[in-house]
Amino acid sequence: MATPERAESLDFVRAKVAEDTASGRYEGRVHTRFPPEPNGYLHIGHAKAFNLNFSIADEFGGLCNLRFDDTNPTAEETEYVESILEDIHWLGYDWGDRLYYASDYFEQLHEYAVDLIRRGKAYVCDLSPEETREYRGTLKEPGKDSPYRDRPVEENLGLFARMKAGEFPDGARTLRAKIDMASPNINLRDPVIYRILHAEHHRTGDTWRIYPMYDWAHGLSDSIEGVTHSICSIEFENHRPLYDWFLDELEVFHPQQIEFARLYVSRMILSKRRLLQVVERGYVDGWDDARMPTLAGLRRRGYTPESIREFLKRVGVAKTESEIDVALLEHCVREDLNAKAPRVMAVLDPLRVVIENYPEEQGEEFEAVNNPEDPDAGSRKLPFSRVVFIERADFQEDPPKKFHRLAPGREVRLKHAYLVRCEKVVKDKATGEVVELRCSYDPETRGGDAPDGRKVKGTLHWVSAEHAVDAEVRILDYLLREPDPEADTAADAGAELDDLINPSSRTVLKGCKVEPSLADSPPGSRYQFLRQGYFCTDSVDSRPGAPVFNRTVSLRDTWAKIAKAAAK
RNA sequence: UGGGGCGUCGUCAAGUGGCAAGACACGGGACUUUGGAUCCCGCAUCGGAGGUUCGAAUCCUCCCGCCCCAGCCA
């Protein structure tokens with residue numbers, strides 16, 4: 001059978017799959033599946049799961065199905081189904097013609113339940129939800145048998161049929177597996193496998209009045225599809241004995257469940273329930289807000305599918321619960337975008353600079369390389385004129401040590417253009433704020449090099465005032481205030497979101513000045529704003545002539561470190 | 001002594017008895033028309049204590065810590 005391409009050591013999941021193919025289990029076949037419940041948008045944690053399932057199938061020459069686990073009609077919506085389809089495709093995976101729904105199997109799942117009743121291994125229980133809980137016992141004490149546990153098969157069959165026919169209200173009865181009320185594994189204490197729900201299902205409408213529980217539907221769906229390796233996250237480890245029990249009792253095809261640790265990322269909220277709160281309470285604009293850890297959010301923010309796949313590859317797969325530093329994710333986008341993103345000049349906080357010895361009527365264009373990392377990226381024309389904007393932070397009247405940028409009397413290079421010297425500082429008389437710089441340029445330095453060989457320490461980005469396009473730029477920060485996982489857990493415990501959410505997770509900059517080539521930037525375009533970071537044209541709010549950009553991630557900022565160290 | 005799982009660098013993670021991979025982060029240096037990129041260099045004795053062994057992160061014993069399970073959610 002096929003062996004995976006990786007030369008390095010295999011993670012434990014792949015090792016297990018390799019062991020099975022080597023031993024000829026399942027005839028050496030590998031078939032996986034990704035089973036999301038359509039009750040929210042997919043986030044990067046889900047991406048770890050489907051990346052694993054699709055990749056393993058691919059590496060072992062097998063197949064991976066996409067199956068919606070839609071057994072709870074009260075939580076599921078078609079909007080979520082559509083977003084999930086889109087997001088998986090976006091990340092680069094394809095399920096071919098194997099798109100399934102657990103609801104496709106409702107009929108067969110029901111037949112299996114009847115079979116289990118006939119085998120004397122399931123019964124209709126009349127206990128209320130509260131009573132069921134009491135009878136279940138606790139973590140340390142065994143439960144006790146339901147008074148309905150020994151109902152005759154025929155009676156069970158009759159009652160189950162009436163449940164199906166919708167004769168009873170929600171919660172009136174359940175179908176339960178007859179296993180062991182004293183099991184130390186609570187999942188085995190006669191778990192409910194069918195409940196009555198008079199709810200409208202997003203696909204089957206009102207044809208069903210009873211719905212299978214996860215444990216019943218999941219393993220059997222895997223079995224029906226011929227899945228060989230059912231790879232899921234670690235909280236289902238306690239469910240594996242039940243998964244196995246159903247399959248064994250029914251004597252049907254028996255896949256192998258394997259559990260791995262979920263992905264946690266510092267500064268990110270990755271619980272669907274909490275994410276739903278963040279959306280519903282308006283902390284963000286929606287599931288695709290550029291601050292969200294959803295794939296829709298990351299996409300809008302400018303993350304590439306390649307960078308996310310690389311991140312997941314580096315994160316690895318193990319059983320240890322761990323939290324990955326968000327810095328690794330950021331490193332992965334920078335690495336990818338550094339190679340791909342065209343460089344452009346954009347001034348976020350403009351400071352006007354008049355080049356006094358540059359003739360008013362004069363204008364010229366410079367040839368600017370689009371990406372020094374990619375010779376095939378070509379170049380573009382950059383217009384220059386007497387008045388330009390530079391970044392306010394690139395000038396200091398009283399520069400600290402190691403500040404290599406512009407200051408009174410100092411000479412720097414305007415990238416691709418000329419060497420300029422600051423001759424005069426114009427301030428607002430009332431506030432003392434610097435409003436304009438008067439500079440001179442050296443005509444001999446066209447392109448940025450001085451014929452006399454003199455060097456400058458700083459190179460600044462700039463935009464010609466006459467040609468600049470106004471833009472809105474959104475600087476996105478982490479949604480969580482604190483990096484530690486405690487914050488995540490606290491949110492789960494119901495702590496106030498206000499205490500956990502970073503109050504300045506988004507800063508909107510208006511009146512930014514960008515080079516003219518960006519005027520009609522197509523939504524979703526990615527750039528490196530020279531010396532600043534990677535930015536992506538917003539797919540929702542950007543308009544031709546009035547572009548809007550989201551900062552994907554900043555560039556590594558050595559100067560910030562130096563300045564910070566000096567401040568101490 | 002309810003059951004199950006997990007503990008290797010700041011953060012992930014290899015390693016399955018024979019000198020503790022790699023990545024990110026961090027620190028230092030080179031180079032640079034992005035204080036970007038690139039390139040060098042540095043950075044752990046494996047939760048603890050005993051034991052077995054010529055030799056242990058890997059085997060045994062005990063201890064400590066963290067996670068999951070008491071939905072008619074998934």
Side-chain angles (χ1 to χ4, degrees), chain A residues 8-9 11 35-37 39 69-72 74-76 125 127-129 132-134 136-143 170-176 182-189 191-197 210-211 213-215 217-218 232-241 259 261 266 272-273 311 313-332 334-335 338-339 343 345 369 372-373 402-405 413-417 419 447-449 455-461 483 528-533 554-563:
Chain A
E8 321 93 79
S9 63
D11 57 68
E37 181 187 17
N39 68 345
D69 225 331
D70 56 350
T71 57
N72 181 7
T74 63
E76 299 146 8
C125 181
L127 254 25
S128 69
T132 302
R133 189 180 345 108
E134 286 163 20
R136 187 156 34 226
T138 67
L139 293 178
K140 294 187 177 181
E141 294 155 13
D170 289 3
R173 291 180 221 264
T174 55
L175 181 69
R176 294 227 256 163
S183 173
N185 181 342
I186 292 180
N187 293 126
L188 262 20
R189 316 241 264 230
V192 170
I193 56 182
Y194 266 94
R195 78 284 216 182
I196 299 169
L197 236 37
I210 54 172
Y211 290 91
M213 296 289 289
Y214 165 84
D215 288 302
H218 201 93
C232 61
S233 46
I234 206 145
E235 67 271 25
F236 292 107
E237 203 159 28
N238 294 332
H239 291 245
R240 183 160 20 102
E259 312 85 10
S266 63
K272 236 184 223 179
R273 196 183 66 76
F311 169 69
K313 183 176 168 188
R314 294 194 191 204
V315 157
V317 181
K319 294 193 77 162
T320 317
E321 175 165 303
S322 53
E323 184 183 65
I324 281 70
D325 191 333
V326 68
L328 180 61
L329 214 211
E330 295 175 344
H331 171 265
C332 290
R334 286 194 188 103
E335 184 179 60
N338 176 51
R343 273 58 171 171
M345 297 213 275
V369 169
E373 302 292 321
K402 294 184 183 171
F403 184 81
H404 296 163
R405 286 113 97 143
R413 171 166 41 234
L414 292 183
K415 177 83 175 177
H416 301 304
L419 259 36
D449 277 316
K455 303 285 184 195
V456 291
K457 281 186 168 177
T459 299
L460 311 186
H461 59 280
Q528 182 194 102
F529 283 6
L530 217 68
R531 301 210 298 136
Q532 308 200 82
S554 68
L555 245 32
R556 283 187 61 213
D557 191 350
T558 307
W559 166 241
K561 280 180 193 168
I562 295 170

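First the proteins, then the strands, lettered A, B, ... as listed; each starts at 1. What's counted below: heavy atoms across the whole structure, side chains too, no hydrogens, waters or symmetry copies.
OP1 or OP2 of B:A13 has at least one side-chain nitrogen or oxygen of A:S322 nearer than 4.0 Å. Taking side-chain N and O atoms only, A:T71 has a distance below 4.0 Å to OP1 or OP2 of B:A74. For B:G3, neither phosphate oxygen OP1 nor OP2 lies less than 4.0 angstrom from any side-chain nitrogen or oxygen of A:R189. Side-chain nitrogen and oxygen atoms of A:R240 include none within less than 4.0 Å of the OP1 or OP2 phosphate oxygen of B:G4.
Along RNA chain B, the nucleotide closest to A:P184 and the one closest to A:Y194 are compared, and the more 5′ of them pairs with A:P184. Comparing A:H404 and A:N72 by the nucleotide of RNA chain B that holds the closest heavy atom to each, the one mapping nearer the 5' end is A:H404.
Counting non-hydrogen atoms under 4.0 angstrom, A:I196 reaches nothing in the nucleic acid. A:I324 comes within 4.0 angstrom of the backbone, heavy atoms only, and of no base. Counting non-hydrogen atoms under 4.0 angstrom, A:E259 reaches nothing in the nucleic acid. Within the nucleic acid shown, A:D449 comes within 4.0 Å of at least one base atom, counting heavy atoms only.
One interatomic measurement links the two molecules: CG of A:D70 to P of B:C73, which rounds to 15 Å at whole-angstrom precision.
Between the C1' atoms of B:G48 and B:G65, the separation comes to 10 Å (whole Å). The P atoms of B:G3 and B:G27 are separated by 48 Å, rounded to the nearest whole Å. B:A57 and B:A49: their C1' atoms are spaced 16 Å apart (whole Å).
Taking the six-membered ring for Trp and thresholds of 30 and 60 degrees, A:Y214 and A:H218 have ring planes inclined between 30 and 60 degrees apart.
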Stepwise salt bridge (charged side-chain N to carboxylate O under 4.0 Å, His left out) test for A:K319 and A:E237: CA-CA 11 Å; A:K319 294 193 77 162; A:E237 203 159 28; 2.3 Å; yes
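Counting heavy atoms from C-beta outward, A:L328 and A:V315 have side chains that approach closer than 4.5 Å.
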